[in-house]
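Each chain gets a letter, A, B and so on, in the order the sequences are listed, and its residues count up from 1.
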Amino acid sequence: MDKPNDLMDKLVSLCKRRGFIFQSSEIYGGLNGCWDYGPLGVELKRNVKNLWWRDMVTSRDDMVGLDASIIMNPKVWEASGHVGGFADPMIDCKKCKGRFRADQLYYAVREGQSRQGGSASVWFSAIADKVEDASAVMELQLKKKGRQIREWTNDFELVRYDQEQSEQAPCPACDEKGSLTVPRAFNLMFKTHCGAMEDSSSVTYLRPETAQGIFVNFKNVLDTQRLKLPFGIAQIGKAFRNEINPRNYTFRSREFEMMEVEYFCHPSQADQWYQYWRKARFDWYVNLGLRSDRLRLRDHEKDELAHYAKSCVDIEYAFPFGVSELEGVANRTDFDLKRHQEYSGRDMSYYDDQTKERFLPYVIEPSAGVDRSVLAFLCEAYTEDEAPDDKGLPQKRVLMRLHPKLAPIKVAVFPLVKKDRMQEIAHKIHEQLKGRWNAFYDEKGAVGRRYRRQDEAGTPFCITVDGQTLEDQTVTIRDRDSLAQDRVSCDRIVDYLSEHLGN
RNA sequence: GCGGGCGUAGCUCAAUGGUAGAGCAUCGGCCUUCCAAGCCGACUAUGUGGGUUCGAUUCCCAUCGCCCGCUCCA
């Protein structure tokens, strides 16, 4: 059995070798957290998105699509809570999950005597805008602690937060010692400027999630599409987060693509739709080939929930580098619509003319990472087995066992050798197929080598024109996974593929 | 962000303070009637920028990138 990282190394190597995924700007040394999809990768990724769109939008009556701009009015991100509280260097408490601005955190230490007579030093910390305020807060703390500590021998000196002292300093909220993290600039949004002037009035952001584009268009969609609750708005698009630490190949990238649904419903029905979507989304992955024993649903603990969510579940996949999130399904309540109503002054409510009720809908959000799905499908597909060589001896074979619906190339067409009109017939078959499927033609080198190349690309079927074709108009169709070959009449090829590719 | 490791051809890996080598892959040719065959030939590399040195791929510094651990993921 491979060690996990061996598997990732092999996958990364294959993805580069065959043209699935390249490092962004590679000739300039790359760019951390950014990746390019090559000729095979772009087909795979597009298949993932098209299947999602078909399953979530066009095959349903209760869903419509949207494509909002990436750069939006900066007020959107104030309303959503993405700017404001998160713009400054922040310190977290690992115990109570409190979060504090580093420039508002003050420390002091005092030496004293314990009741047993030994010396004692006690740290204080406080959150305050000004030193004087911090001092007052600490005096209050001192009175409390004075019950345990008898006598103080020196005045304390207030200092601003200093990283070297953070190990001894207590959390200003829960008083736990050494639980504070180092300060981090918490705003992960990419900042840019709209227009020629780069002043503060022109600051804009690249969206860190696609969801807000849907919320701010809620009324537009509602007014133009004659929709009734419950209904959903779906969007696929790029989002950007200036991650501190991109890791694990394409898993955590700074530029990435999301597939999101915001499903609007009556507040009383939110729980049942939440249950519906967590199952629907889990099954979607299973149906495209992810093994259910490598997938799991993990409910968020209360203290783990984001500020906007009432409940949230992660759909996680067991990647070689660890179990990690593919998608989150959250009950966002009416948080977003309420906030946008408040910040924009526009009415965001829905009027039900059956019940004569006016209310803000609740929102269930299945939010999936396209790149993460693609990576999961790639990890799942990577397989090593043995296949015989031309002498019948077993040789190691690498294949990508991608679901036929996901495979970048659906079928490859080969003449067995470059002789006796085989190329001509193979070309004709290729011409006939390529309008309908992504089909690939190859005549170079030994046929065994061509088969193995397609195995690494994940191509489910290879059609070979051989000597018998000339006599009875049949070809062989080879199955990627079983290596079995069916002999099929030329005029049955399309039917055969339709049946086996499932579309 | 912190600590550690690493960076040589498309891939996997050698070697060296003084000419950088192999296997596989790729391309061309010959041959080939079903699973990485053979023969001939060809292309291709010391991440980037500085420094030390007569000379640096090798030593030093910086930077970029990758991997591992911690941290983090609103």
Let me know the distance between [atom1] of [X] and [atom2] of [N], rounded to the nearest Å.
{"X": "A:Phe251", "N": "B:C67", "atom1": "CZ", "atom2": "P", "answer": "13 Å"}
{"X": "A:Phe256", "N": "B:C73", "atom1": "CZ", "atom2": "P", "answer": "15 Å"}
{"X": "A:Phe20", "N": "B:C11", "atom1": "CZ", "atom2": "P", "answer": "16 Å"}
{"X": "A:Glu456", "N": "B:C11", "atom1": "CD", "atom2": "C1'", "answer": "10 Å"}
{"X": "A:Asn32", "N": "B:G65", "atom1": "CG", "atom2": "C1'", "answer": "7 Å"}
{"X": "A:Ile21", "N": "B:G10", "atom1": "CD1", "atom2": "C1'", "answer": "17 Å"}
{"X": "A:Arg332", "N": "B:A74", "atom1": "CZ", "atom2": "C1'", "answer": "11 Å"}
{"X": "A:Phe240", "N": "B:A74", "atom1": "CZ", "atom2": "C1'", "answer": "19 Å"}

- Task: Could you tell me whether A:Tyr249 and A:Phe251 have their ring centroids closer than 6.0 angstrom?
- Result: no
- Query: So does A:Arg46 have more than 12 non-hydrogen atoms from other groups sitting under 6.0 Å from CZ?
  - Reply: no
Which of these, [options], sits in a side chain to side chain donor-acceptor pair (under 3.5 Å) with [X]?
{"X": "A:Gln212", "options": "A:His340, A:Glu262, A:Arg339", "answer": "A:His340"}
{"X": "A:Lys434", "options": "A:His430, A:Gln432, A:Glu431", "answer": "A:Glu431"}
{"X": "A:Glu257", "options": "A:Arg372, A:Lys49, A:Lys238", "answer": "A:Lys49"}

Please state the [atom1] separation for the pair [N] and [M] - nearest whole angstrom.
{"N": "B:C43", "M": "B:A9", "atom1": "C1'", "value": "10 Å"}
{"N": "B:G49", "M": "B:C67", "atom1": "C1'", "value": "24 Å"}
{"N": "B:C35", "M": "B:C27", "atom1": "C1'", "value": "23 Å"}
{"N": "B:G3", "M": "B:G17", "atom1": "C1'", "value": "31 Å"}
{"N": "B:C61", "M": "B:G4", "atom1": "P", "value": "12 Å"}
{"N": "B:G10", "M": "B:U44", "atom1": "P", "value": "10 Å"}
{"N": "B:G23", "M": "B:G5", "atom1": "C1'", "value": "26 Å"}
{"N": "B:G18", "M": "B:U58", "atom1": "P", "value": "11 Å"}

- Message: Go through it in stages, so that I can follow the logic: the residues are A:Val370 and A:Trp52, the test is side-chain contact (heavy atoms from CB on, under 4.5 Å), and I'd like the CA-CA distance, side-chain angles, deciding distance and then a yes or no.
- Response: CA-CA 10 Å; A:Val370 180; A:Trp52 185 90; over 6 Å; no
Could you please name the option among [options] that lies closest to any side-chain atom of [X]?
{"X": "A:Lys16", "options": "B:A74, B:C11, B:A36", "value": "B:C11"}
{"X": "A:Arg241", "options": "B:C66, B:A74, B:C11", "value": "B:A74"}
{"X": "A:Arg252", "options": "B:C35, B:G10, B:C73", "value": "B:C73"}

For [X], which contact category applies under a 4.0 Å heavy-atom criterion: base, sugar-phosphate, or nothing?
{"X": "A:Arg247", "result": "base"}
{"X": "A:Lys396", "result": "base"}
{"X": "A:Phe22", "result": "nothing"}

Provide a list of protein-nucleic acid N or O atom pairs under 3.5 angstrom, restricted to nucleotides 6-8 of chain B.
none

- Which residue, A:Trp35 or A:Arg372, contacts RNA chain B at a nucleotide closer to its 5' end, judged by nearest heavy atom? A:Trp35
- Item | Earlier contact from the 5' end, RNA chain B, for A:Ile27 and A:Leu31 | A:Ile27
Nearest heavy-atom pair of [X] and [Y]: which atoms, and what distance?
{"X": "A:Met8", "Y": "A:Leu375", "result": "CE-CD1, 4.3 Å"}
{"X": "A:Met258", "Y": "A:Ser367", "result": "CE-OG, 3.3 Å"}
{"X": "A:Thr383", "Y": "A:Arg401", "result": "CG2-NH2, 3.3 Å"}

- Query: Do the rings of A:Tyr317 and A:Phe319 sit parallel, tilted or perpendicular, given the 30° and 60° boundaries?
  - Reply: perpendicular
- Classify the angle between the aromatic ring planes of A:Tyr441 and A:His427 as parallel (below 30°), tilted (30 to 60°) or perpendicular (above 60°). parallel
- Query: For RNA chain B, which ranges pair as stems of 3 or more consecutive Watson-Crick or G-U pairs, with both donor-acceptor distances under 3.5 Å?
  - Reply: B:1-7 with B:64-70, B:10-13 with B:21-24, B:26-30 with B:38-42, B:47-51 with B:59-63
- Message: Working note: A:Val76 + A:Phe215, criterion side-chain contact (heavy atoms from CB on, under 4.5 Å); need CA distance, chi angles, decisive distance, verdict.
- Response: CA-CA 10 Å; A:Val76 169; A:Phe215 294 128; over 6 Å; no
- Message: Cation-pi check for A:Tyr285 against A:Arg281: NZ or CZ below 6.0 Å from the six-membered ring centre and within 45 degrees of the axis, yes or no?
- Response: yes
- Item | Nucleotide-resolved protein contact map, nucleotides 21-34 of chain B, B/S/- at heavy-atom distance under 4.0 Å | ----SS-S---BBB
